[in-house]
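Worksheet: the structure to be examined is printed underneath.
Counting starts at 1 for both ligands and their atoms, following the listed order.
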Amino acid sequence: MSTTSGTTALFHVQGLVKNFGALRATDDVSLAVNAGEIHALIGPNGAGKSTLVNLISGLHAPDVGRITLDGVDLTPLPMHARVRAGLSRCFQITSIFSKITVLDNLLLAVQSSGGRHPGGRVRGLSRVLRNLLGDRARDDTLRAQAVQLAERVGLGAALDRVAGALPHGAQRQLDVALALASRPKLLLLDEPMAGMGPEDSERMTVLIQTLKRDMAILLIEHDMKAVFALADRISVLVYGKVLTSGSVDDIRGNPQVQAVYLGTEDVA
Ligand SMILES: Nc1ncnc2c1ncn2[C@@H]1O[C@H](COP(=O)(O)OP(=O)(O)O)[C@@H](O)[C@H]1O
Ligand SMILES: [Mg+2]
């Protein structure tokens with residue numbers, strides 16, 4: 001059984017407030033994500049979804065409130081320390097180096113995530129030889145991690161392709177792989193299906209589904225087909241506030257949600 005109240009959840013946002021001048025973009029938002037759960041956040045344009053992601057990832061500081069992951073208070077931590085604490089976010093392609101290959105993008109990501117060779121195998125050799133072998137072994141380990149990430153997102157056959165020349169959907173897959181390099185406990189996805197056709201959307205839906213075995217996911221997405229297929233829990237954000245939170249069936253059948261967000265027509 002899953003619950004998003006109490007202290008059992010992996011990730012908590014409590015009483016978060018963010019003002020931009022006179023505008024309250026985040027208005028006392030509380031939500032929780034359990035391990036192994038996909039929590040989707042939906043709401044009309046301007047509702048404050050991206051602001052919430054920016055507060056969680058550390059791009060903006062909240063005026064009030066607390067963010068905790070696996071018992072660690074992230075609120076005072078800068079972005080890189082949040083990543084080290086287990087938080088990762090997709091940056092919608094902007095994190096991809098477009099002029100280098102898929103493999104090199106992933107190598108950079110695993111390298112900067114502190115992929116380390118254990119070193120035990122090279123003990124007892126001369127220092128020069130140890131350094132040589134150590135570097136070689138470390139390179140092999142990093143490469144293996146990079147290849148594994150590519151395979152995980154379905155880019156195993158595209159290692160030598162220049163990232164910027166990949167189709168849009170594949171670039172999004174690479175962006176997810178980069179976010180996975182730090183082995184997050186919580187993955188933030190801000191509109192991963194944006195700009196995708198139905199085929200790419202479907203592929204991304206399957207990919208996200210496979211990720212939830214290993215991490216909790218906070219998914220912001222306009223594609224309601226994907227949201228209904230993936231979410232264990234949905235929260236609806238309107239004018240910076242959580243209007244309601246519930247299962248897919250709760251949200252689908254909620255007349256207030258239909259009126260405010262989904263239009264008055266039936267959501268099948
Ligand atoms: N950096 C900012 N400075 C001022 N206003 C902002 C900033 N970021 C977002 N906003 C405003 O906050 C509100 C919520 O925006 P946003 O979080 O982008 O909504 P959503 O992602 O749900 O479309 C909007 O009115 C937007 O104009
Ligand atoms: Mg947004």
task = Give the minimum heavy-atom separation between Ile56 and Phe11, together with the two atoms involved.
result = CG2-CZ, 3.6 Å
inquiry  = Looking at every heavy atom in both Leu207 and Thr210, which two are closest together, and how far apart are they?
reply    = O-OG1, 2.6 Å
message = What protein heavy atom lies closest to atom 3 (N) of ligand 1? Include the residue and the distance to one decimal.
response = Phe20 CD2, 3.5 Å
ask   = What protein heavy atom sits nearest atom 19 (O) of ligand 1, and how far off is it?
value = Gly48 N, 3.1 Å
Salt bridge [X]-[Y], side-chain N to carboxylate O under 4.0 Å:
{"X": "Arg66", "Y": "Asp73", "value": "yes"}
{"X": "Arg24", "Y": "Asp63", "value": "no"}
{"X": "Asp200", "Y": "Arg203", "value": "yes"}
{"X": "Asp214", "Y": "Arg152", "value": "yes"}

Numbering as shown, the atoms of ligand 1 that approach [X] to under 4.0 Å (heavy-atom distance):
{"X": "Leu23", "value": "11 (C), 12 (O), 13 (C), 25 (O)"}
{"X": "Ser50", "value": "17 (O), 18 (O), 20 (P), 21 (O)"}
{"X": "Ala25", "value": "12 (O)"}
{"X": "Thr51", "value": "9 (C), 14 (C), 15 (O), 16 (P), 17 (O)"}

task = Please check if a non-hydrogen protein atom sits closer than 4.0 Å to atom 27 (O) of ligand 1.
result = no
query = Is any N or O atom of Gly46, backbone or side chain, closer than 3.5 Å to an N or O atom of ligand 1?
reply = yes
inquiry  = Would Ala47 count as being in polar contact with ligand 1, using the rule that some N or O on each side must be under 3.5 angstrom apart?
reply    = yes
inquiry  = Please classify the Asn54 to ligand 1 contact at 4.0 Å (heavy-atom distances, strictly less than): side chain, backbone, both or neither.
reply    = neither
message = Could you check whether Ser235 and His39, counting side-chain N and O atoms only, form a donor-acceptor pair closer than 3.5 Å?
response = yes
ask   = Of all the atoms in Thr51, is at least one N, O or S atom closer to the Mg ion (ligand 2) than 2.8 Å?
value = no
Reference residue Leu180; test side-chain contact (heavy atoms from CB on, under 4.5 Å); the match among Asp175, Leu106, Leu149, Val110 = Leu149
